[in-house]
Protein chains: 2
Amino acid sequence: MSARKVARPAERGHSGGGARHGAADGEPLTGSVEDYLKAIYELEEMTGLAAATNAIAERLDIAPPSVSGMLRRLAALELLSYERYKGVSLTASGRRAALRMLRRHRVIEAYLAGELGYPWDRVHAEAERLEHAASDELIDRMAAALGHPAHDPHGAPIPTRDGTLVMVPRQMLAEQAVGSRARVAAVGDEDGELLRYVASLAIKPGTMVTVVARAPFDGPLTVEVAGKGTKAQRTHVVGSTVARAVMVDAPVKRKRST
Amino acid sequence: MSARKVARPAERGHSGGGARHGAADGEPLTGSVEDYLKAIYELEEMTGLAAATNAIAERLDIAPPSVSGMLRRLAALELLSYERYKGVSLTASGRRAALRMLRRHRVIEAYLAGELGYPWDRVHAEAERLEHAASDELIDRMAAALGHPAHDPHGAPIPTRDGTLVMVPRQMLAEQAVGSRARVAAVGDEDGELLRYVASLAIKPGTMVTVVARAPFDGPLTVEVAGKGTKAQRTHVVGSTVARAVMVDAPVKRKRST
DNA sequence: TGCAAAAGTTAGGCTCTCCTAACTAATGTG
DNA sequence: CACATTAGTTAGGAGAGCCTAACTTTTGCA
């Protein structure tokens, strides 16, 4: 009368045989696999190279040998291509899965901030867990409730349902020339403390910042932040970590040595 | 520099030794454990007896031997008391955990229906997954957004944050005397098809129903459902499964043989 | 080019959760 | 009250994920 659920590749380790390799793109992935794919996507994206085992390990807070093992599995699932001792890079189907997770994560972040009053430094942790549990329908309803936003609360672009990610050219605030003025496009999520600090400087997506000075040797940046009332500039000195977490839009140079 | 997360009793099976038995009430439980506790609570509640191994197995769609093993573990965690071959019953701390899950589940259901336009026959499945991933903060924010509702969309009472569950006396529609009139208080969730059917009869929490007739041998009930415009009664014949899924408030007898 | 440091891998374990097969205890009925 | 039925248990395994210890490649640099 009951006929237990057929043992899918499933979460919570079932047994059974089913689902050998293939990557027809439809099988449900475990939360762990989803985390790996997302991490690998982001690493590939930010370095432009194949993702390194140790980098993945550090990002996921997992020991390197565990990563090695998982990479073999993901390669068998044709989610990425793997050559021992070289890094890994996602296949088309792996990238699709990663972008799906990115969308989920960012839609959830946007929803929590927009509809439930979450402060922006706490949406990341919550989304990190919900992204594995939410159905596609829920994600779509959240996106719809917000009017299908293009960015999450930190300014990161939200991939569309069909896996398109609009990449607007951005640069780190740290790279900006002294004297340049630019619009803050995004601030890296993940680090809640940093977000709280940055917010306390009134820096958030949309605010205009001008680099006033930069100390040598990757030293602190002095920036002028435009206040609410168009005027009311505020000057702050920020360290290089912060200057690398803040991304600005394709900058418009204003001054060039007077 | 990294110092990996300390191996808690944690989800995704880590290793390490930590956390022997104790049940200080604080350790995070795995999603599986949460499911067991919720199921056991509901079984105890509906039968008034210790929960039977096979009943738990059937409810969770898991083989009985798996349940036996888990029960031993849960007993070691002091979440329930277990005597071989007899059933199990939750300890205070087990019940607390179960009520917490019940609250989460029902708050999520209420939120999905109330704020995201989910149809009531689909909230259960979504909540079933989200209840393990949501933080307490999220649950509280959802409840607050709804004005701290007392019931979920199916009419089930929502436990308060401190674990209080208001139990209003209810009876199955199936038990109502012919001629009695009562307010529908709740309809069992879980079965989406049944919910869709019941909704098609305009039966939902709040509607008034009158038992017009009952066929013998647990046969179908003929009920009159009050329509929207106070009048506009509609008469339906429903099977015993439906009659047992629909719960009514402490009924007020109206007619008694003329 | 030679070799130590860094990066990555294999080997061997452990937990959690679930399964099937086979056995034992509790129960109800003639 | 014996015994078949039903409920529940132990035994033995499997797979996902993760870990540490020890080994192998790669790579950076003198």
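Numbered from 1 within each chain, the chains take letters A, B, ... in sequence-line order.
- Distance A:E83 CD to C:dG8 P: 14 Å, rounded to the nearest Å.
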Open item on the list: Dot-bracket for DNA chain C, please. Rules: Watson-Crick or G-U, both distances under 3.5 Å, ( ) within the strand, [ ] when a pair crosses earlier ones, | for another strand, . otherwise.
Closed with: ||||||||||||||||||||||||||||||

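- Under a 4.0 Å N-O distance rule, the pair B:R104/B:D136 qualifies as a salt bridge.
- Here D:dA16 presents its C1' atom at 15 Å from CG of A:L71, a figure rounded to the nearest Å.
- Regarding B:K86, its NZ atom lies at a distance of 12 Å from the C1' atom of D:dA7, rounded to whole Å.
- Here D:dC18 presents its C1' atom at 20 Å from CZ of A:R59, a figure rounded to the nearest Å.
- Listed pair B:R84 / D:dT10 meets the phosphate criterion, a side-chain N or O lying under 4.0 Å from OP1 or OP2.
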Open item on the list: Quick one, B:R244 with B:E175, criterion salt bridge (Lys or Arg N to Asp or Glu O under 4.0 Å). Give me CA distance, side-chain angles, the key distance, then yes/no.
Closed with: CA-CA 8 Å; B:R244 271 192 294 271; B:E175 294 172 334; over 6 Å; no

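- For the pair B:I56 CD1 and D:dG8 C1', the interatomic distance rounds to 11 Å; values are reported in whole Å.
- With sequence neighbours excluded, the residues that form a side chain to side chain donor-acceptor pair (under 3.5 Å) with A:Y111 are B:Y111.
- A salt bridge links B:D140 to B:R103: one of the charged nitrogens lies within less than 4.0 Å of a carboxylate oxygen.
- Partners of B:R129 by salt bridge (Lys or Arg N to Asp or Glu O under 4.0 Å), not counting sequence neighbours, listed by chain and number: B:E126.
- The side chain of A:T30 lies closest to D:dA16, out of D:dA11, D:dA16, C:dT10.
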Below 3.5 Å between N/O atoms, which protein atoms pair up with nucleotides 3-7 of chain C? Just atom names and distances, please.
none

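- Side-chain atoms of A:Y118 come within 3.5 Å of backbone N or O of B:L138 as a donor-acceptor pair.
- Using a cutoff of 4.0 Å between basic side-chain nitrogens and carboxylate oxygens, B:R122 and B:D189 are not scored as salt-bridged.
- Comparing atom distances between the A:Y82 side chain and each of C:dT9, C:dC18, D:dT9 picks out C:dT9 as nearest.
- Regarding B:H132, its NE2 atom lies at a distance of 15 Å from the C1' atom of C:dC16, rounded to whole Å.
- Residue whose closest nucleotide on DNA chain D sits further toward the 5' end, between A:V67 and B:S68: B:S68.
- Nucleotide D:dT9 holds its P atom 14 Å from the CE atom of B:M70, rounded to whole Å.
- Partners of A:H124 by ring-ring contact (aromatic ring centres under 6.0 Å, His included), not counting sequence neighbours, listed by chain and number: A:H105.
- In this structure, the CD1 atom of A:I62 is 15 Å from the C1' atom of D:dT20, given to the nearest Å.
- Here B:R141 pairs with B:E137 under the salt bridge (Lys or Arg N to Asp or Glu O under 4.0 Å) rule; sequence neighbours left out.
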